[in-house]
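One structure is given here, and the rest of the page talks about it.
First the proteins, then the strands, lettered A, B, ... as listed; each starts at 1.
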2 protein chains.
Amino acid sequence: MAPRAASKTAETSDKVSVICRALRRAIIEQALEPGAKLPEDSLGERFGVSRTIARHALGQLAAEGLVELRRNRIAVVATPSWQDARDAFDVRIQLERLVVRQLAGKLTKAQIAELNAHVDAEDRARGGSDPVSIRLATEFHILLAHMTNSPILIRYVSEIAYRCCLTLSLFSRPHSSECAINEHRAIIAALVRGDENKVMSLMHSHLDSVAGRALVAPVPQRGRDLLDILAPYAEEAESGRVVKLPKAARGR
Amino acid sequence: MAPRAASKTAETSDKVSVICRALRRAIIEQALEPGAKLPEDSLGERFGVSRTIARHALGQLAAEGLVELRRNRIAVVATPSWQDARDAFDVRIQLERLVVRQLAGKLTKAQIAELNAHVDAEDRARGGSDPVSIRLATEFHILLAHMTNSPILIRYVSEIAYRCCLTLSLFSRPHSSECAINEHRAIIAALVRGDENKVMSLMHSHLDSVAGRALVAPVPQRGRDLLDILAPYAEEAESGRVVKLPKAARGR
DNA sequence: GCCTATCAAAGTGCATGCAATTCCTGCGCA
DNA sequence: TGCGCAGGAATTGCATGCACTTTGATAGGC
(Lines give C-alpha, C1' and ligand atoms only; values in the text may rest on other atoms or scores of the structure.)
Protein backbone atom coordinates (compact mmCIF):
# COMPACT_ATOMS: atom_id res chain seq x y z
CA MET A 1 0.00 0.00 0.00
CA ALA A 2 2.12 2.85 1.22
CA PRO A 3 5.64 2.73 -0.18
CA ARG A 4 7.18 1.25 2.92
CA ALA A 5 9.84 -1.22 1.96
CA ALA A 6 12.49 -3.31 3.61
CA SER A 7 12.18 -2.38 7.24
CA LYS A 8 13.47 -5.58 8.78
CA THR A 9 17.11 -4.88 9.35
CA ALA A 10 17.55 -7.76 11.73
CA GLU A 11 14.45 -9.27 13.36
CA THR A 12 15.48 -12.83 12.87
CA SER A 13 12.52 -15.11 12.44
CA ASP A 14 9.03 -14.68 13.68
CA LYS A 15 8.91 -15.57 17.33
CA VAL A 16 11.93 -13.52 18.25
CA SER A 17 10.73 -10.38 16.54
CA VAL A 18 7.27 -10.80 17.98
CA ILE A 19 8.71 -10.90 21.47
CA CYS A 20 10.92 -7.94 20.67
CA ARG A 21 7.97 -5.89 19.55
CA ALA A 22 5.94 -6.81 22.59
CA LEU A 23 8.73 -5.98 24.99
CA ARG A 24 9.54 -2.78 23.16
CA ARG A 25 5.98 -1.65 23.57
CA ALA A 26 5.82 -2.72 27.17
CA ILE A 27 8.97 -0.74 27.86
CA ILE A 28 8.05 2.49 26.10
CA GLU A 29 4.59 2.42 27.56
CA GLN A 30 6.27 2.11 30.92
CA ALA A 31 4.51 -1.08 31.80
CA LEU A 32 8.06 -2.21 32.39
CA GLU A 33 9.98 0.52 34.16
CA PRO A 34 13.71 1.05 33.84
CA GLY A 35 15.48 -1.44 36.04
CA ALA A 36 12.72 -4.02 35.85
CA LYS A 37 14.09 -7.54 35.75
CA LEU A 38 13.57 -9.70 32.68
CA PRO A 39 14.46 -13.31 33.48
CA GLU A 40 14.66 -15.53 30.45
CA ASP A 41 12.49 -18.20 32.03
CA SER A 42 9.60 -15.90 32.80
CA LEU A 43 9.75 -14.32 29.37
CA GLY A 44 9.76 -17.71 27.73
CA GLU A 45 6.90 -18.87 29.87
CA ARG A 46 4.86 -15.76 29.19
CA PHE A 47 5.32 -15.91 25.44
CA GLY A 48 5.14 -19.67 25.17
CA VAL A 49 8.66 -20.22 23.92
CA SER A 50 11.84 -21.64 25.31
CA ARG A 51 14.56 -19.67 27.01
CA THR A 52 16.59 -19.82 23.84
CA ILE A 53 14.17 -17.57 22.02
CA ALA A 54 13.60 -15.23 24.92
CA ARG A 55 17.34 -14.92 25.22
CA HIS A 56 17.71 -14.06 21.59
CA ALA A 57 15.06 -11.39 21.87
CA LEU A 58 16.83 -9.89 24.85
CA GLY A 59 19.98 -9.80 22.80
CA GLN A 60 18.26 -7.80 20.09
CA LEU A 61 16.78 -5.36 22.54
CA ALA A 62 20.14 -4.96 24.19
CA ALA A 63 21.59 -4.08 20.80
CA GLU A 64 18.90 -1.42 20.54
CA GLY A 65 19.79 -0.06 23.95
CA LEU A 66 16.46 -0.81 25.57
CA VAL A 67 17.76 -3.64 27.74
CA GLU A 68 20.92 -4.06 29.74
CA LEU A 69 22.69 -7.40 29.66
CA ARG A 70 25.45 -8.30 32.07
CA ARG A 71 27.11 -11.64 32.13
CA ASN A 72 25.47 -14.15 34.45
CA ARG A 73 23.00 -11.56 35.58
CA ILE A 74 19.32 -11.12 34.99
CA ALA A 75 18.58 -8.79 32.09
CA VAL A 76 16.96 -5.53 33.10
CA VAL A 77 15.22 -2.72 31.29
CA ALA A 78 17.87 -0.13 30.52
CA THR A 79 18.30 2.85 32.81
CA PRO A 80 19.98 5.49 30.69
CA SER A 81 21.97 8.16 32.45
CA TRP A 82 21.20 11.83 32.08
CA GLN A 83 24.24 12.19 29.88
CA ASP A 84 23.02 9.34 27.71
CA ALA A 85 19.78 11.20 27.31
CA ARG A 86 21.54 14.37 26.19
CA ASP A 87 23.67 12.45 23.72
CA ALA A 88 20.67 10.60 22.39
CA PHE A 89 18.79 13.80 21.72
CA ASP A 90 21.80 15.33 20.01
CA VAL A 91 22.02 12.39 17.67
CA ARG A 92 18.31 12.32 17.21
CA ILE A 93 18.14 15.91 16.07
CA GLN A 94 20.75 15.26 13.42
CA LEU A 95 18.93 12.19 12.18
CA GLU A 96 15.54 13.81 12.07
CA ARG A 97 17.14 16.67 10.21
CA LEU A 98 17.94 14.19 7.49
CA VAL A 99 14.40 12.90 7.52
CA VAL A 100 13.00 16.36 7.14
CA ARG A 101 15.39 17.22 4.35
CA GLN A 102 14.30 14.19 2.39
CA LEU A 103 10.62 14.70 2.99
CA ALA A 104 10.07 18.44 2.68
CA GLY A 105 7.73 19.12 -0.22
CA LYS A 106 7.85 15.53 -1.37
CA LEU A 107 5.03 13.95 0.60
CA THR A 108 2.42 12.11 -1.43
CA LYS A 109 -1.26 12.60 -0.77
CA ALA A 110 -1.45 9.17 0.79
CA GLN A 111 1.40 9.93 3.11
CA ILE A 112 -0.13 13.21 4.19
CA ALA A 113 -3.34 11.38 4.94
CA GLU A 114 -1.45 8.76 6.92
CA LEU A 115 0.29 11.40 8.99
CA ASN A 116 -2.91 13.22 9.70
CA ALA A 117 -4.59 10.00 10.66
CA HIS A 118 -1.80 9.29 13.08
CA VAL A 119 -2.04 12.68 14.73
CA ASP A 120 -5.78 12.21 14.96
CA ALA A 121 -5.10 8.98 16.79
CA GLU A 122 -2.78 10.84 19.12
CA ASP A 123 -5.56 13.31 19.69
CA ARG A 124 -8.00 10.58 20.55
CA ALA A 125 -5.63 8.84 22.93
CA ARG A 126 -4.97 12.16 24.63
CA GLY A 127 -4.09 12.57 28.27
CA GLY A 128 -0.52 13.61 28.96
CA SER A 129 0.54 10.76 31.17
CA ASP A 130 -1.31 8.04 29.33
CA PRO A 131 1.43 5.67 28.22
CA VAL A 132 -0.33 5.01 24.95
CA SER A 133 -0.27 8.64 23.99
CA ILE A 134 3.42 8.74 24.77
CA ARG A 135 3.98 5.80 22.49
CA LEU A 136 1.98 7.39 19.72
CA ALA A 137 3.92 10.63 20.00
CA THR A 138 7.13 8.66 19.59
CA GLU A 139 5.74 6.67 16.72
CA PHE A 140 4.86 9.84 14.85
CA HIS A 141 8.54 10.42 14.34
CA ILE A 142 9.08 6.82 13.37
CA LEU A 143 6.29 7.11 10.85
CA LEU A 144 8.04 10.09 9.32
CA ALA A 145 11.27 8.13 9.14
CA HIS A 146 9.51 5.29 7.37
CA MET A 147 8.45 7.65 4.65
CA THR A 148 12.03 8.31 3.67
CA ASN A 149 12.25 4.70 2.49
CA SER A 150 15.80 4.60 3.73
CA PRO A 151 16.22 1.43 5.80
CA ILE A 152 19.18 2.82 7.67
CA LEU A 153 17.42 6.01 8.58
CA ILE A 154 14.33 4.09 9.57
CA ARG A 155 16.26 1.85 11.86
CA TYR A 156 18.31 4.52 13.51
CA VAL A 157 15.46 6.93 14.03
CA SER A 158 13.25 4.19 15.40
CA GLU A 159 15.90 3.00 17.77
CA ILE A 160 16.84 6.37 19.07
CA ALA A 161 13.27 7.54 19.32
CA TYR A 162 12.48 4.56 21.51
CA ARG A 163 15.53 5.25 23.60
CA CYS A 164 14.57 8.86 24.01
CA CYS A 165 11.11 7.77 24.99
CA LEU A 166 12.64 5.55 27.63
CA THR A 167 14.80 8.31 29.04
CA LEU A 168 11.85 10.65 29.13
CA SER A 169 10.07 8.23 31.37
CA LEU A 170 13.01 8.62 33.72
CA PHE A 171 13.78 12.30 33.61
CA SER A 172 10.73 14.16 32.46
CA ARG A 173 7.60 15.03 34.33
CA PRO A 174 4.50 13.68 32.63
CA HIS A 175 4.61 15.72 29.47
CA SER A 176 1.55 17.44 28.19
CA SER A 177 1.20 15.71 24.88
CA GLU A 178 -1.33 18.33 23.85
CA CYS A 179 1.36 20.75 22.82
CA ALA A 180 3.30 17.94 21.20
CA ILE A 181 0.28 17.13 19.09
CA ASN A 182 -0.03 20.70 17.90
CA GLU A 183 3.65 20.72 17.11
CA HIS A 184 3.20 17.56 15.11
CA ARG A 185 0.44 19.20 13.10
CA ALA A 186 2.61 22.22 12.47
CA ILE A 187 5.41 19.98 11.27
CA ILE A 188 3.12 18.21 8.85
CA ALA A 189 1.88 21.52 7.50
CA ALA A 190 5.38 22.86 6.97
CA LEU A 191 6.47 19.60 5.37
CA VAL A 192 3.58 19.78 2.94
CA ARG A 193 4.44 23.39 2.10
CA GLY A 194 7.98 22.21 1.46
CA ASP A 195 9.33 24.86 3.80
CA GLU A 196 12.40 22.92 4.81
CA ASN A 197 13.88 25.59 7.04
CA LYS A 198 10.63 26.05 8.88
CA VAL A 199 10.32 22.32 9.48
CA MET A 200 13.87 22.19 10.72
CA SER A 201 13.32 24.88 13.29
CA LEU A 202 9.96 23.38 14.26
CA MET A 203 11.45 19.95 14.68
CA HIS A 204 14.36 21.35 16.61
CA SER A 205 12.26 23.28 19.06
CA HIS A 206 9.82 20.39 19.23
CA LEU A 207 12.50 17.96 20.30
CA ASP A 208 14.03 20.55 22.59
CA SER A 209 10.74 21.21 24.27
CA VAL A 210 10.27 17.51 24.75
CA ALA A 211 13.80 17.01 26.01
CA GLY A 212 14.31 20.04 28.18
CA ARG A 213 12.56 19.14 31.37
CA ALA A 214 13.29 18.97 35.04
CA LEU A 215 14.58 15.84 36.63
CA VAL A 216 12.32 13.56 38.58
CA ALA A 217 13.58 10.76 40.74
CA PRO A 218 12.67 7.36 39.35
CA VAL A 219 10.43 5.23 41.54
CA PRO A 220 11.00 1.57 40.76
CA GLN A 221 7.83 -0.40 41.21
CA ARG A 222 8.82 -3.83 42.38
CA GLY A 223 5.45 -4.99 43.50
CA ARG A 224 3.75 -6.33 40.40
CA ASP A 225 4.73 -9.58 38.88
CA LEU A 226 6.39 -9.68 35.50
CA LEU A 227 3.99 -12.31 34.28
CA ASP A 228 1.03 -10.09 35.07
CA ILE A 229 2.57 -7.01 33.54
CA LEU A 230 3.28 -8.80 30.30
CA ALA A 231 -0.05 -10.58 30.03
CA PRO A 232 -1.71 -8.13 27.63
CA TYR A 233 1.44 -7.80 25.52
CA ALA A 234 1.83 -11.53 25.22
CA GLU A 235 -1.80 -11.91 24.21
CA GLU A 236 -1.48 -9.41 21.44
CA ALA A 237 1.73 -11.05 20.35
CA GLU A 238 -0.06 -14.35 19.86
CA SER A 239 -3.17 -13.15 18.13
CA GLY A 240 -2.69 -10.84 15.20
CA ARG A 241 -1.75 -7.21 15.23
CA VAL A 242 -1.52 -4.23 17.53
CA VAL A 243 -4.35 -3.79 19.95
CA LYS A 244 -5.19 -0.19 20.67
CA LEU A 245 -5.11 -0.25 24.43
CA PRO A 246 -3.23 -2.92 26.35
CA LYS A 247 -5.71 -3.14 29.18
CA ALA A 248 -8.31 -4.23 26.65
CA ALA A 249 -7.09 -7.80 26.53
CA ARG A 250 -6.48 -10.01 29.56
CA GLY A 251 -7.93 -13.40 28.88
CA ARG A 252 -6.64 -16.56 30.49
CA MET B 1 44.52 4.47 30.11
CA ALA B 2 42.91 6.52 27.40
CA PRO B 3 39.49 7.83 28.37
CA ARG B 4 37.55 5.26 26.48
CA ALA B 5 34.54 4.20 28.48
CA ALA B 6 31.45 2.06 28.06
CA SER B 7 31.78 0.79 24.54
CA LYS B 8 29.86 -2.43 24.93
CA THR B 9 26.38 -1.52 23.93
CA ALA B 10 25.30 -5.09 23.57
CA GLU B 11 28.07 -7.64 23.04
CA THR B 12 26.63 -10.26 25.30
CA SER B 13 29.29 -12.30 26.95
CA ASP B 14 32.74 -13.09 25.79
CA LYS B 15 32.52 -15.75 23.15
CA VAL B 16 29.79 -14.07 21.19
CA SER B 17 31.50 -10.71 21.05
CA VAL B 18 34.80 -12.35 20.17
CA ILE B 19 33.20 -14.02 17.20
CA CYS B 20 31.48 -10.80 16.23
CA ARG B 21 34.74 -8.93 16.24
CA ALA B 22 36.47 -11.60 14.21
CA LEU B 23 33.73 -11.73 11.62
CA ARG B 24 33.48 -7.97 11.47
CA ARG B 25 37.15 -7.75 10.67
CA ALA B 26 36.97 -10.57 8.17
CA ILE B 27 34.13 -8.79 6.44
CA ILE B 28 35.59 -5.31 6.27
CA GLU B 29 38.94 -6.65 5.20
CA GLN B 30 37.07 -8.41 2.43
CA ALA B 31 38.30 -11.80 3.43
CA LEU B 32 34.58 -12.51 3.39
CA GLU B 33 33.01 -10.85 0.38
CA PRO B 34 29.42 -9.69 0.21
CA GLY B 35 27.21 -12.66 -0.42
CA ALA B 36 29.57 -15.13 1.21
CA LYS B 37 27.73 -17.84 3.10
CA LEU B 38 28.07 -18.13 6.84
CA PRO B 39 26.64 -21.45 8.02
CA GLU B 40 26.26 -21.71 11.75
CA ASP B 41 27.97 -25.08 11.90
CA SER B 42 31.11 -23.96 10.13
CA LEU B 43 31.33 -20.84 12.23
CA GLY B 44 30.91 -22.81 15.41
CA GLU B 45 33.48 -25.33 14.31
CA ARG B 46 35.97 -22.67 13.32
CA PHE B 47 35.66 -20.77 16.59
CA GLY B 48 35.31 -23.81 18.78
CA VAL B 49 31.80 -23.11 20.00
CA SER B 50 28.39 -24.57 19.42
CA ARG B 51 25.91 -23.43 16.84
CA THR B 52 24.02 -21.59 19.55
CA ILE B 53 26.81 -19.10 20.01
CA ALA B 54 27.57 -18.73 16.33
CA ARG B 55 23.91 -18.10 15.77
CA HIS B 56 23.82 -15.41 18.40
CA ALA B 57 26.83 -13.71 16.86
CA LEU B 58 25.16 -13.75 13.47
CA GLY B 59 22.14 -12.13 15.06
CA GLN B 60 24.25 -9.29 16.38
CA LEU B 61 25.97 -8.75 13.07
CA ALA B 62 22.62 -8.76 11.33
CA ALA B 63 21.47 -6.04 13.70
CA GLU B 64 24.53 -4.08 12.65
CA GLY B 65 23.69 -4.58 9.00
CA LEU B 66 26.80 -6.55 8.12
CA VAL B 67 25.00 -9.84 7.71
CA GLU B 68 21.73 -10.77 6.11
CA LEU B 69 19.49 -13.26 7.86
CA ARG B 70 16.51 -14.87 6.20
CA ARG B 71 14.38 -17.47 7.82
CA ASN B 72 15.56 -21.01 7.23
CA ARG B 73 18.31 -19.76 4.99
CA ILE B 74 22.02 -19.65 5.38
CA ALA B 75 23.26 -16.32 6.65
CA VAL B 76 25.29 -14.34 4.15
CA VAL B 77 27.49 -11.30 4.29
CA ALA B 78 25.30 -8.33 3.48
CA THR B 79 25.21 -6.96 -0.05
CA PRO B 80 24.05 -3.36 0.31
CA SER B 81 22.44 -1.73 -2.68
CA TRP B 82 23.77 1.42 -4.23
CA GLN B 83 20.92 3.35 -2.68
CA ASP B 84 21.78 1.88 0.70
CA ALA B 85 25.28 3.16 0.22
CA ARG B 86 24.09 6.66 -0.53
CA ASP B 87 21.80 6.65 2.49
CA ALA B 88 24.52 5.34 4.70
CA PHE B 89 26.90 8.08 3.71
CA ASP B 90 24.24 10.72 4.26
CA VAL B 91 23.66 9.48 7.76
CA ARG B 92 27.34 9.10 8.36
CA ILE B 93 28.10 12.67 7.48
CA GLN B 94 25.53 13.90 9.97
CA LEU B 95 26.92 11.68 12.69
CA GLU B 96 30.52 12.59 12.08
CA ARG B 97 29.45 16.18 12.14
CA LEU B 98 28.40 15.63 15.72
CA VAL B 99 31.69 13.98 16.51
CA VAL B 100 33.63 16.90 15.10
CA ARG B 101 31.52 19.41 16.94
CA GLN B 102 32.21 17.71 20.23
CA LEU B 103 35.89 17.26 19.63
CA ALA B 104 37.02 20.49 17.98
CA GLY B 105 39.55 22.19 20.20
CA LYS B 106 38.94 19.78 23.05
CA LEU B 107 41.41 17.01 22.30
CA THR B 108 43.80 16.10 25.08
CA LYS B 109 47.47 15.61 24.44
CA ALA B 110 47.07 11.88 24.88
CA GLN B 111 44.25 11.77 22.37
CA ILE B 112 46.23 13.73 19.83
CA ALA B 113 49.09 11.32 20.27
CA GLU B 114 46.76 8.38 19.84
CA LEU B 115 45.33 9.81 16.64
CA ASN B 116 48.76 10.51 15.23
CA ALA B 117 49.88 7.03 16.14
CA HIS B 118 46.90 5.61 14.31
CA VAL B 119 47.59 7.57 11.17
CA ASP B 120 51.21 6.49 11.39
CA ALA B 121 49.97 2.93 11.46
CA GLU B 122 47.86 3.67 8.40
CA ASP B 123 50.96 5.03 6.77
CA ARG B 124 52.92 1.92 7.55
CA ALA B 125 50.21 -0.42 6.29
CA ARG B 126 50.00 1.60 3.11
CA GLY B 127 49.01 0.22 -0.24
CA GLY B 128 45.63 1.26 -1.52
CA SER B 129 44.06 -2.10 -2.00
CA ASP B 130 45.54 -3.75 1.06
CA PRO B 131 42.51 -4.74 3.11
CA VAL B 132 44.29 -3.89 6.32
CA SER B 133 44.82 -0.32 5.24
CA ILE B 134 41.17 -0.09 4.37
CA ARG B 135 40.27 -1.30 7.82
CA LEU B 136 42.61 1.17 9.45
CA ALA B 137 41.16 4.04 7.45
CA THR B 138 37.73 3.10 8.69
CA GLU B 139 38.91 2.70 12.23
CA PHE B 140 40.34 6.18 12.23
CA HIS B 141 36.82 7.50 12.20
CA ILE B 142 35.78 5.05 14.86
CA LEU B 143 38.68 6.16 17.00
CA LEU B 144 37.46 9.72 16.70
CA ALA B 145 33.99 8.66 17.72
CA HIS B 146 35.37 6.90 20.77
CA MET B 147 36.90 10.15 21.94
CA THR B 148 33.50 11.73 22.28
CA ASN B 149 32.79 9.35 25.14
CA SER B 150 29.22 9.15 23.97
CA PRO B 151 28.22 5.49 23.82
CA ILE B 152 25.43 6.15 21.38
CA LEU B 153 27.60 8.12 19.03
CA ILE B 154 30.32 5.51 19.30
CA ARG B 155 27.98 2.73 18.42
CA TYR B 156 26.29 4.44 15.53
CA VAL B 157 29.46 5.78 13.98
CA SER B 158 31.17 2.41 14.32
CA GLU B 159 28.26 0.61 12.81
CA ILE B 160 27.79 2.91 9.90
CA ALA B 161 31.49 3.22 9.24
CA TYR B 162 31.73 -0.54 8.94
CA ARG B 163 28.73 -0.58 6.67
CA CYS B 164 30.20 2.11 4.48
CA CYS B 165 33.42 0.16 4.36
CA LEU B 166 31.45 -2.85 3.20
CA THR B 167 29.67 -0.93 0.48
CA LEU B 168 32.94 0.54 -0.70
CA SER B 169 34.23 -2.94 -1.28
CA LEU B 170 31.28 -3.38 -3.61
CA PHE B 171 31.11 -0.11 -5.46
CA SER B 172 34.45 1.58 -5.29
CA ARG B 173 37.60 0.89 -7.21
CA PRO B 174 40.53 0.16 -4.92
CA HIS B 175 40.87 3.51 -3.26
CA SER B 176 44.21 5.17 -2.93
CA SER B 177 44.43 5.39 0.81
CA GLU B 178 47.36 7.73 0.45
CA CYS B 179 45.15 10.72 -0.04
CA ALA B 180 42.86 9.49 2.69
CA ILE B 181 45.79 9.44 5.05
CA ASN B 182 46.70 13.00 4.22
CA GLU B 183 43.12 14.00 4.74
CA HIS B 184 43.16 12.30 8.09
CA ARG B 185 46.21 14.29 9.08
CA ALA B 186 44.56 17.49 7.97
CA ILE B 187 41.50 16.66 10.04
CA ILE B 188 43.60 16.05 13.13
CA ALA B 189 45.38 19.34 12.62
CA ALA B 190 42.16 21.30 12.25
CA LEU B 191 40.65 19.54 15.24
CA VAL B 192 43.62 20.50 17.35
CA ARG B 193 43.38 24.09 16.17
CA GLY B 194 39.73 23.96 17.17
CA ASP B 195 38.71 25.20 13.76
CA GLU B 196 35.32 23.52 13.73
CA ASN B 197 34.19 24.84 10.38
CA LYS B 198 37.38 23.79 8.73
CA VAL B 199 37.08 20.29 10.15
CA MET B 200 33.51 20.08 9.00
CA SER B 201 34.36 20.92 5.44
CA LEU B 202 37.40 18.67 5.53
CA MET B 203 35.39 15.79 6.88
CA HIS B 204 32.64 16.41 4.37
CA SER B 205 34.92 16.44 1.36
CA HIS B 206 36.86 13.55 2.83
CA LEU B 207 33.79 11.37 3.05
CA ASP B 208 32.60 12.61 -0.32
CA SER B 209 35.89 11.78 -1.95
CA VAL B 210 35.75 8.35 -0.40
CA ALA B 211 32.15 7.80 -1.39
CA GLY B 212 32.03 9.33 -4.84
CA ARG B 213 33.48 6.65 -7.02
CA ALA B 214 32.54 4.76 -10.10
CA LEU B 215 30.68 1.52 -9.90
CA VAL B 216 32.46 -1.77 -10.33
CA ALA B 217 30.67 -5.06 -10.76
CA PRO B 218 31.13 -7.33 -7.76
CA VAL B 219 32.94 -10.60 -8.43
CA PRO B 220 31.83 -13.17 -5.88
CA GLN B 221 34.62 -15.57 -5.06
CA ARG B 222 33.07 -18.91 -4.38
CA GLY B 223 36.18 -20.99 -4.50
CA ARG B 224 37.83 -20.78 -1.12
CA ASP B 225 36.52 -22.59 1.87
CA LEU B 226 35.02 -20.64 4.74
CA LEU B 227 37.07 -22.57 7.25
CA ASP B 228 40.27 -21.56 5.53
CA ILE B 229 39.27 -17.95 5.15
CA LEU B 230 38.45 -17.65 8.81
CA ALA B 231 41.49 -19.49 10.10
CA PRO B 232 43.60 -16.41 10.90
CA TYR B 233 40.65 -14.57 12.41
CA ALA B 234 39.72 -17.50 14.60
CA GLU B 235 43.28 -17.85 15.81
CA GLU B 236 43.52 -14.27 16.85
CA ALA B 237 40.15 -14.56 18.51
CA GLU B 238 41.43 -17.34 20.71
CA SER B 239 44.78 -15.95 21.68
CA GLY B 240 44.86 -12.40 22.94
CA ARG B 241 44.47 -9.22 20.99
CA VAL B 242 44.53 -7.89 17.46
CA VAL B 243 47.27 -9.25 15.27
CA LYS B 244 48.62 -6.79 12.78
CA LEU B 245 48.28 -8.80 9.62
CA PRO B 246 45.88 -11.71 9.31
CA LYS B 247 48.13 -13.78 7.11
CA ALA B 248 50.63 -13.88 9.97
CA ALA B 249 48.86 -16.65 11.85
CA ARG B 250 47.63 -19.95 10.35
CA GLY B 251 48.44 -22.73 12.75
CA ARG B 252 46.66 -26.06 12.80
C1' DG C 1 22.59 -6.27 67.78
C1' DC C 2 25.51 -6.56 63.82
C1' DC C 3 28.57 -8.67 60.74
C1' DT C 4 30.04 -12.74 58.14
C1' DA C 5 30.19 -17.61 56.41
C1' DT C 6 27.53 -21.01 54.24
C1' DC C 7 24.32 -23.20 51.40
C1' DA C 8 20.17 -23.89 48.70
C1' DA C 9 17.35 -21.69 45.14
C1' DA C 10 17.24 -19.22 41.04
C1' DG C 11 19.25 -17.91 36.89
C1' DT C 12 22.43 -17.76 33.13
C1' DG C 13 26.08 -20.00 29.60
C1' DC C 14 26.40 -23.21 26.53
C1' DA C 15 26.00 -27.72 24.04
C1' DT C 16 23.26 -31.08 22.05
C1' DG C 17 19.24 -33.37 19.93
C1' DC C 18 15.26 -33.67 17.01
C1' DA C 19 12.00 -31.90 13.63
C1' DA C 20 11.25 -29.05 9.67
C1' DT C 21 12.99 -26.66 5.79
C1' DT C 22 16.08 -25.64 2.20
C1' DC C 23 19.80 -26.89 -0.83
C1' DC C 24 21.75 -29.36 -4.48
C1' DT C 25 23.06 -33.20 -7.14
C1' DG C 26 21.93 -36.58 -10.35
C1' DC C 27 18.51 -38.42 -13.25
C1' DG C 28 14.84 -38.70 -16.67
C1' DC C 29 12.92 -36.46 -20.40
C1' DA C 30 12.16 -33.35 -24.21
C1' DT D 1 22.00 -29.72 -24.95
C1' DG D 2 18.80 -27.90 -21.88
C1' DC D 3 15.14 -28.36 -18.33
C1' DG D 4 12.27 -30.04 -14.60
C1' DC D 5 12.12 -32.94 -10.62
C1' DA D 6 12.88 -36.04 -7.10
C1' DG D 7 15.31 -37.47 -2.86
C1' DG D 8 19.09 -37.33 0.17
C1' DA D 9 22.43 -34.23 2.38
C1' DA D 10 22.95 -29.95 4.55
C1' DT D 11 21.22 -26.50 7.39
C1' DT D 12 18.24 -23.94 10.26
C1' DG D 13 14.45 -23.52 14.25
C1' DC D 14 13.80 -24.53 18.59
C1' DA D 15 13.65 -27.02 23.10
C1' DT D 16 15.92 -29.21 26.65
C1' DG D 17 19.66 -30.57 29.82
C1' DC D 18 23.65 -29.85 32.66
C1' DA D 19 27.30 -27.09 34.74
C1' DC D 20 28.49 -22.91 36.66
C1' DT D 21 27.46 -18.25 38.77
C1' DT D 22 24.88 -15.19 41.39
C1' DT D 23 21.64 -14.27 44.97
C1' DG D 24 19.69 -14.02 49.19
C1' DA D 25 18.38 -16.06 53.46
C1' DT D 26 19.79 -18.24 57.57
C1' DA D 27 22.69 -19.53 61.20
C1' DG D 28 26.77 -18.76 63.84
C1' DG D 29 30.47 -15.85 65.81
C1' DC D 30 31.84 -11.40 67.96
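For B:Asp90, there are no side chain to side chain donor-acceptor pair (under 3.5 Å) partners two or more places apart in sequence or in a different chain. With sequence neighbours excluded, the residues forming a side-chain contact (heavy atoms from CB on, under 4.5 Å) with A:Glu68 are A:Val76, A:Ala78, listed by chain and number. A:Glu40 meets the salt bridge (Lys or Arg N to Asp or Glu O under 4.0 Å) test with A:Arg51, A:Arg55; sequence neighbours excluded. In this structure B:Tyr156 satisfies the ring-ring contact (aromatic ring centres under 6.0 Å, His included) test together with A:Tyr156, sequence neighbours excluded. With sequence neighbours left out, B:Ser81 forms a side chain to side chain donor-acceptor pair (under 3.5 Å) with B:Asp84.
Protein atom CZ of A:Arg55 is 17 Å distant from nucleotide atom P of D:dG13, rounded to whole Å. If you take CD of B:Glu68 and C1' of D:dT12, they are 17 Å apart, rounded to a whole angstrom. Rounded to whole Å, atom P of C:dG11 lies 13 Å from atom CG of A:Leu58. Atoms NE2 (B:His56) and C1' (D:dG13) sit 15 Å apart, rounded to a whole Å.
Each of A:Glu159, A:Glu139, A:Glu29, A:Glu64 was evaluated against A:Arg24; a single residue qualifies, A:Glu64, per the salt bridge (charged side-chain N to carboxylate O under 4.0 Å, His left out) test.
Sorted by first and then second residue, the salt bridge (charged side-chain N to carboxylate O under 4.0 Å, His left out) pairs with a member in residues 142-152 of chain B form an empty list; sequence neighbours excluded. Listed by first and then second residue, the salt bridge (charged side-chain N to carboxylate O under 4.0 Å, His left out) pairs that reach into residues 143-154 of chain A come to none, sequence neighbours excluded.
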Between the protein and nucleotides 22-25 of chain D, are there any N/O to N/O pairs under 3.5 Å, and if so, what are the atom names and distances?
unit_1, atom_1, unit_2, atom_2, d
D:dT23, OP1, A:Arg73, NE, 2.9

What protein N or O atoms touch nucleotides 15-19 of chain D N or O atoms at under 3.5 angstrom, if any, and at what distances?
unit_1, atom_1, unit_2, atom_2, d
D:dA15, OP1, A:Ser50, N, 3.3
D:dA15, OP2, A:Ser50, N, 2.9
D:dA15, OP2, A:Ser50, OG, 2.6
D:dA15, N7, A:Thr52, OG1, 3.1
D:dT16, O4, A:Thr52, OG1, 3.1
D:dG17, O6, A:Arg51, NH2, 3.1

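Mapping B:Ile74 and A:Glu40 onto DNA chain C by nearest heavy atom places A:Glu40 at the nucleotide closer to the 5' end.
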